[in-house]
Amino acid sequence: MDATQLLKGVLDVAVMAVLRNGDGYGYDLLRRLREVGLEEIGDASVYGTLRRLYEGGLVSSYLVPSEEGPARRYYSLTKAGRDQLGLSIKTWRLFVETLEELFGKEAA
Amino acid sequence: MNKVIDPQVLPYLMAVESRLGGMPLAEAEEILKDLEQHLAELAALETEPLVERLGPADAYADELALSAGWPASSLYQRTFLGRISAWWTRISWSAIGRRLARDWSEIRPGWWIARGLIIPFFLTALYAGGGFTWWVLPSAVISVLLGRYSATAAVFRAGDWLATVLTLWVLVAGLLNGVGIYDSGIRNTYLHDNPFGIVGPSGPISDFYAYTVDGDPVEVFLFDQNGSSVQVTDGHGNPPSDENGFPITAPYPIHEQVAPPGDVPFPDRP
């Protein structure tokens with residue numbers, strides 16, 4: 001199965017989960033996502049997702065001056081984003097349990 | 001502090017923008033504004049060229065559009081308005097366009113003051129015969145306030161646009177009606193088409209001498225086929241004026257003249 005297709009459906013949750021552990025700028029978030037094993041995520045996907053989350057009020061942003069180059073736009077979870085992440089994680093776990101149960105029955 | 005943007009950012013950004021050319025202008029500008037910063041961050045962090053790091057710009061644009069919740073850019077209908085929008089975005093984001101935008105942002109306060117003066121000045125000149133108008137100062141103040149706060153509220157933004165449109169309108173109306181607006185009496189004359197007025201074989205005509213068919217001098221008002229008063233100049237591009245500096249428009253002759261200048265043969269009566 002193509003993991004990329006699966007990932008598209010949960011990219012919002014993945015990005016918000018990374019942000020729950022600490023604010024970050026676009027490239028930093030991409031690196032953190034890849035570090036946990038989501039190697040196939042593209043830069044545009046993360047950037048586009050951040051834009052959508054931002055427009056939805058789930059993340060906020062602020063600029064931080066950088067000595068190495070242009071100012072970096074950091075993103076952080078809003079209260080609405082944290083609430084949404086909590087709901088999404090519950091939904092995801094229920095979904096996984098359901099599938100695990102299904103897979104278990106199929107294997108038996 | 002402003003940092004130098006990596007030179008590979010803008011071409012890549014332009015290619016992405018081109019792919020997103022059918023998007024509504026406001027959305028495209030918003031995306032591109034932040035994307036430039038994002039790409040600049042990447043370029044500053046990575047030694048690998050952007051195009052190798054991110055892949056082809058078209059694919060990047062499609063992935064961006066999909067993940068941001070818009071239809072893939074390749075699915076956008078390239079309507080006429082979409083093309084205009086794309087061109088405008090392209091011009092806005094070109095090096096020259098952005099330079100002009102930067103310069104414009106610096107001179108905008110001057111423009112706010114200028115239009116605040118232009119509107120009452122031209123409106124008064126066009127419709128009230130000219131002269132000083134007391135509302136020049138409040139007009140300038142209101143114009144500056146509208147421009148200054150146009151980004152903060154829709155009502156200010158609408159007022160700012162209205163002021164700009166009104167300014168352009170009075171400027172065009174002023175040009176069409178003649179720029180000699182200090183004196184409405186010289187509007188609709190030949191000075192507007194030709195700053196030297198009416199030109200004869202030996203140069204600008206500065207006066208007319210009218211005679212009856214019997215050779216008697218008469219004073220006349222002259223109008224052309226459109227009803228515009230025929231206006232001469234003093235020979236230097238200015239309307240003739242009296243000793244107090246006020247323009248003299250009619251009747252002719254403007255200067256005292258009791259006999260035809262020179263030996264002018266009168267034509268035979270028809």
Side-chain angles (χ1 to χ4, degrees), chain A residues 2-16 18-19 23-35 38-76 84, chain B residues 1-10 12-13 15-20 23-24 26-74 98:
Chain A
D2 185 359
T4 308
Q5 294 300 319
L6 282 175
L7 188 58
K8 283 181 180 172
V10 293
L11 193 53
D12 291 18
V13 187
V15 170
M16 286 194 291
V18 168
L19 281 173
D23 298 356
Y25 54 95
Y27 181 74
D28 175 50
L29 297 176
L30 178 65
R31 184 178 52 77
R32 285 153 64 182
L33 285 165
R34 287 179 173 173
E35 278 177 0
L38 301 175
E39 299 283 348
E40 299 302 317
I41 293 182
D43 179 87
S45 293
V46 173
Y47 178 74
T49 300
L50 282 169
R51 290 288 316 168
R52 187 156 42 79
L53 294 175
Y54 179 81
E55 285 168 9
L58 300 178
V59 303
S60 58
S61 73
Y62 54 94
L63 286 176
V64 175
S66 168
E67 288 301 317
E68 293 85 31
R72 290 172 180 159
R73 183 175 294 282
Y74 275 70
Y75 293 89
S76 63
Q84 180 62 49
Chain B
M1 186 172 69
N2 289 329
K3 306 284 185 180
V4 176
I5 301 295
D6 191 294
Q8 59 182 325
V9 168
L10 194 56
Y12 195 87
L13 186 72
V16 172
E17 181 276 330
S18 178
R19 182 71 165 177
L20 298 173
M23 289 185 67
E27 285 186 11
E29 283 186 335
E30 190 176 0
I31 294 168
L32 293 170
K33 183 180 174 186
D34 279 351
L35 184 58
E36 180 188 20
Q37 186 179 31
H38 178 67
L39 295 177
E41 286 175 26
L42 284 178
L45 289 166
E46 295 276 349
T47 54
E48 192 178 8
L50 267 187
V51 70
E52 291 181 23
R53 168 76 181 75
L54 301 176
D58 281 359
Y60 187 93
D62 287 351
E63 186 182 343
L64 173 65
L66 281 171
S67 60
W70 304 300
S73 54
S74 54
R98 295 201 297 173

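In the text below, chain A, chain B and the rest are named by the order of the sequence lines, each starting its count at 1.
- Chosen from A/G48, A/G42, A/A44, A/G26, the residue pairing most often with chain B at heavy-atom distances under 4.5 Å is A/A44.
- If you measure heavy-atom distances from A/L50 to chain B, you find no contacts under 4.5 Å at all.
- From A/D43, atom CG reaches atom NE2 of B/H38 across 3.5 Å, with rounding to the nearest 0.5 Å.
- Rounding to the nearest 0.5 angstrom, the gap separating the OH atom in A/Y27 from the CG atom in B/L39 is 13.5 Å.
- Between the side chain of A/R52 and the main chain of B/S67, a donor-acceptor pair closer than 3.5 Å is present.
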*asked:* As a quick check of understanding, evaluate side-chain contact (heavy atoms from CB on, under 4.5 Å) for A/L63 and B/Q37, giving each step before the final call.
replied: CA-CA 10 Å; A/L63 286 176; B/Q37 186 179 31; 2.8 Å; yes

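- Checking side-chain atoms of A/Y47 against main-chain N and O of B/L35 turns up a donor-acceptor pair under 3.5 Å.
- The residue among A/V46, A/L53, A/T49 with the most heavy atom pairs within less than 4.5 Å of chain B is A/T49.
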